[in-house]
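Worksheet: one structure, shown below.
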Amino acid sequence: MYATKMLSLLFTIQLILAPLTFSDTTVPDEPTTQEPTTHSPLPTTTSSDDLSTFTTTLKDGKDLCLKLKGEFSFRINYNTTNNKQRQDVDMPKDAVTLNSSSCNSTYVVLHIQFPIDDYNWTFTMKWKEADQYNSLVYMGLFYYETANTFPNTNQLNQNKTQTNSNLKDFKCEDNICYRCDSKQVYDVNDILSVEISNLKSQAFKFGKNNDFSQDETMCNADSDTSVIVPIVVGCILTGLIILTLVAYMISRYRQSSNAGYNNI
C-alpha cells in the first residue's frame, strides 16, 4: 500500500515537471536589427574630430625662417543649381610643402599642396616682418570644384582661387612663438574661411636650438580661457568659505538657544 502511494506521488511529480523540461535543441539568437546605412551629403577627406596635424619648416640658406604646426580645415561656399551650399574640407595627412616656398628678411611664403579627388590643391600663407614684429598677411587657396567634394556644383571641375592679402593675424614679436590651441576661424573672403586649431607658428628668427621659443604670444581665445579658470576656481572657493561660515553661525545659534531652554 505504501509502495503504491509512493509510485503514485512520483508519477504526479513527473507530470508537473514535464512542461519545464528543456529540449536539447539550440535556441537561435534573436535576429539583429541592422541600422540603415546613412551617407553624408557633404563628404570630407578626413574626419573633423581627428584632423591631421601638419608640420613644416623652411630655411633661408642655413638659417631656419619658419616653423609651423597646426590642424587646418577649409570652409568653402559654392553655388549649386538651386542655391548656395557650404563644404568643409580638411587638409589631409599627405599634404606637402612645395619647393617654391621661400623666405627672406621681409617675407616668408609657404605653399602647401595636397590631393583632393585626383586634383592638387594649393594653400598659401605669407608672413611679413616689420619693426621687430611679424604677422600673417596673406592666405590663399587654389582648388577644384569636383562632384565628389562639391555635390551638385554648377561649375563642375572648374578651378578657383580665393585670396586675401590684407590680413593681420598671428602677430607677435620676432623670436617669439605664436600659439593658439583653440579652434579659430579666419575669414579670407565671403567664399573661403580657414579653420585652424592647435596652432604653433614662428617666423623669421629662432634661437640656437632652432625650435619653437618657450616665450609665447597666446591668441585671445586661449588667453580668455587661462583667465576664466582661476576666476571660476576663486568663486567656488569663496562660496565654500561663505557656506562654512553660515553653517558655523547657525550651529552656534542653535547651541545658544538650547542652552537658554536648559537654563529655563
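Keep in mind that this is a model prediction, so the values were computed, not measured.
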Side-chain heavy atoms under 4.5 angstrom apart, residues restricted to Ile, Leu, Val, Met, Phe, Trp, Tyr: same cluster for I112 and Y143?
-> yes

Going from OG on S101 to NE2 on H111, what distance comes out if it is rounded to the nearest 0.5 angstrom?
-> 5.5 Å

Do the non-hydrogen side-chain atoms of Q87 and P151 ever get within less than 4.5 Å of each other?
-> yes

Answer yes or no: is there a side-chain heavy-atom contact under 4.5 Å between F142 and N120?
-> no

Residue pair T122, L141: steps toward the side-chain contact (heavy atoms from CB on, under 4.5 Å) verdict | CA-CA 6 Å; T122 303; L141 180 67; over 6 Å; no

Answer with yes or no whether the hydrophobic clustering places Y178 together with V137; edges join I, L, V, M, F, W, Y residues whose side-chain heavy atoms lie under 4.5 Å apart.
-> no

N/O donor-acceptor pair under 3.5 Å between D187 side chain and N189 backbone | no

Donor-acceptor contact below 3.5 Å, side chain D222 vs main chain D181 | yes

Within-4.5 Å side-chain heavy-atom neighbours: T124 and M139 | no

Please confirm whether F74 and F123 have ring centers closer than 6.0 angstrom.
-> yes

Given the rule that I, L, V, M, F, W and Y join up when any side-chain heavy atoms are under 4.5 Å apart, are L66 and Y138 in one cluster?
-> no

Can you list every ring pair (Phe, Tyr, Trp, His ring centres under 6.0 Å) pair that touches residues 181-215, not counting sequence neighbours?
-> F170-Y186

Are W121 and V109 connected in a single hydrophobic cluster, I mean Ile/Leu/Val/Met/Phe/Trp/Tyr linked by side-chain heavy atoms less than 4.5 Å apart?
-> no

Separation of D174 CG from Q202 CD (nearest 0.5 Å) = 9.0 Å

Once the angle between the rings of F54 and F72 is folded into 0 to 90°, is it parallel (under 30°), tilted (30 to 60°) or perpendicular (over 60°)?
-> perpendicular

Please examine the side chains of K69 and T53, heavy atoms only from C-beta on, and report whether any two atoms are closer than 4.5 Å.
-> yes

Within 6.0 Å of CG in N83, more than 12 heavy atoms from elsewhere | yes

For S52 and K93 the tightest heavy-atom approach is OG-CB, 3.3 Å

With no hydrogens and no angle check, is any side-chain donor or acceptor of D90 less than 3.5 Å from a backbone partner on P92?
-> no

Counting heavy atoms not belonging to N77, are there more than 12 under 6.0 Å from its CG?
-> yes

Measure the shortest side-chain to side-chain distance between M125 and L68 over non-hydrogen atoms and say whether it is less than 4.5 angstrom.
-> yes

K171 NZ/CZ over Y133 ring centroid, <6.0 Å and within 45° of normal | yes

Verify the cluster assignment for I116 and M91: are they in a single hydrophobic cluster under the rule of side-chain heavy atoms below 4.5 Å apart?
-> yes

Please test D88 against S73 for side-chain hydrogen bond (donor to acceptor under 3.5 Å, both in side chains), starting from the C-alpha separation and ending with a verdict.
-> CA-CA 7 Å; D88 296 348; S73 182; 5.8 Å; no

Salt bridge (charged side-chain N to carboxylate O under 4.0 Å, His left out) contacts touching residues 94-108 (sequence neighbours left out) | none

Answer yes if the side chains of T80 and N152 hold a donor-acceptor pair under 3.5 Å, and no otherwise.
-> no

In this structure, CG of N164 is separated from CG of L136 (nearest 0.5 Å) by 9.5 Å

